[in-house]
Amino acid sequence: LPEFQDASETGERTLWVVFVVMVVSSIVFTGMAWSVPISKRLFHIVTTLIVIFASCAYFAMASGHGISYHHAVVRQSHKHGVPDTKLDIYRQVYWARYVDWSVTTPLLLLDLCLLAGMAGGNILIAIIADVIMILTGLFAAFGAEDSPQKWGWYTIACIAYLVVVWQLVVHGRSTAMAKGGKVGNFYAAIGGFTLLIWTVYPIVWGIADGSRNMDVDEEIIAYAVLDILAKPVFGAWLLFTHQAMPESQIEV
Ligand code: RET
C-alpha cells in the first residue's frame, strides 16, 4: 500500500498565517517607501517586492497550488527471515517555494550588496551563484529516489551557496567597512543574521525533503519560521535602520 506524506490542517493553517504576515509586511513597507523621497527609495522598493512576491507564493501554497507529489520507493529490510519489502512513498513537494526563492533571494542579496557598496561584478557573481543554488536545489527536490544525482544536485547547490557566502563575507565586508564604522557594523550585524538564517535552509532541506526524517507539517513550520525571519524581520530591520542612518544612503 502506498504511503502519502502531505500537510494536515496544521500545515495548511501555518501557510495561511505566513501569507497574512507577508501581506501585512507588503503594506507596511509600501507605507514606509512613501514616507521617503523617490530618490531614497531603492532599499524600500527592493524589500517591498520581496514580500509581495512571497505573498503570491504563500497564497499559492496555502490554497493548494504550486505543489506536486513526488514518488519514492523505500526498501524496508526485515530481520528473522522475512523478505525485504518495498514501500511506495508519495510526498508533497512545494515547488512554489523554489519559484519564490529564485526571485526573492537575489533581491535579498541585492539589498545586502547595495548596502555594502560592492562592485558590480561581485554583485553579479553573488546573484547568479544564488540562482544556480535555488535551481539546482529544485532539481535535487525532484531527483529520483535517493539517486546519486539527487545528492549530487544538492552538493552543487551547496557549493553555489559557498560562492554567495564568499562574496558577502570577503568582498561585501571589505567595501562595507570602507564606508565607515556605522555602515560596516550594520552590514556585519544584518549580514551575519542573514548567513545564520540562510544556512538553516539546506539543513532543513536535508532532513525534510532530502531524507524524509521530518513530516510535511514540520517542514512547513520550519520554513515558515525561516521565511518570516529572512523576509519581514530582515526587511523591517534594514528599512528602519537605513532610514535612521544617513551614512547608508546610496547613489544608484
Ligand atoms: C536548498 C537545497 C539545496 C542546497 C541549498 C539550499 C539553500 C537554500 C537557501 C534558501 C534561502 C531562502 C530564503 C528565503 C527567503 O524567504 C535550495 C534548500 C544550499 C539558502 C532566504
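Ligands are counted one by one from 1 in listed order, and the atoms in each one are counted from 1 as well. This structure is a prediction, so every number in the text was calculated from the model and none was measured.
Annotation: Trp101 places no N or O atom under 3.5 Å from an N or O atom of ligand 1; distance criterion only. For ligand 1, one of its N or O atoms has an N or O atom of Asp227 under 3.5 Å away.
The aromatic rings of Tyr161 and Trp198 lie parallel to each other, with less than 30° between the two planes, well short of the 60° mark. In this pair, Tyr223 and Tyr201 present their aromatic rings parallel. The plane angle is below 30°, not in the 30 to 60° band. The aromatic rings of Tyr90 and His71 sit parallel to each other, their planes meeting at less than 30°, with 60° as the upper class boundary.
Ser211 contributes a side-chain N or O that, together with a main-chain N or O of Gly206, makes up a donor-acceptor pair within less than 3.5 Å.
Proximity annotation for atom 4 (C) of ligand 1: of Ala157, Gly137, Gly210, Ala230, Ala157 comes nearest, heavy atoms only. Here atom 14 (C) of ligand 1 lies nearest to Tyr201 when heavy atoms of Tyr98, Tyr201, Trp198 are compared. Considering only non-hydrogen atoms, atom 2 (C) of ligand 1 lies nearest to Trp205 out of Trp151, Trp205, Phe234.
Scanning the protein heavy atoms around atom 5 (C) of ligand 1, the nearest turns out to be Pro202 CB, 3.7 Å. In terms of protein heavy-atom proximity, atom 16 (O) of ligand 1 is closest to Lys231 NZ, 2.7 Å.
Residue-ligand proximity, Tyr154 to ligand 1, at heavy-atom distances under 4.0 Å covers atoms 3 (C), 4 (C).
Under 4.0 angstrom from ligand 1, the non-hydrogen atoms of Thr105 all belong to its side chain.
Here the shortest heavy-atom pairing between Arg212 and Gln5 reads CD-OE1, 3.8 Å.
Aromatic rings from Trp16 and Tyr58 are positioned such that their centres are separated by 6.0 Å or more.
Here Asp209 does not pair with Arg97 in a salt bridge; the nearest charged N to carboxylate O distance is not below 4.0 Å.
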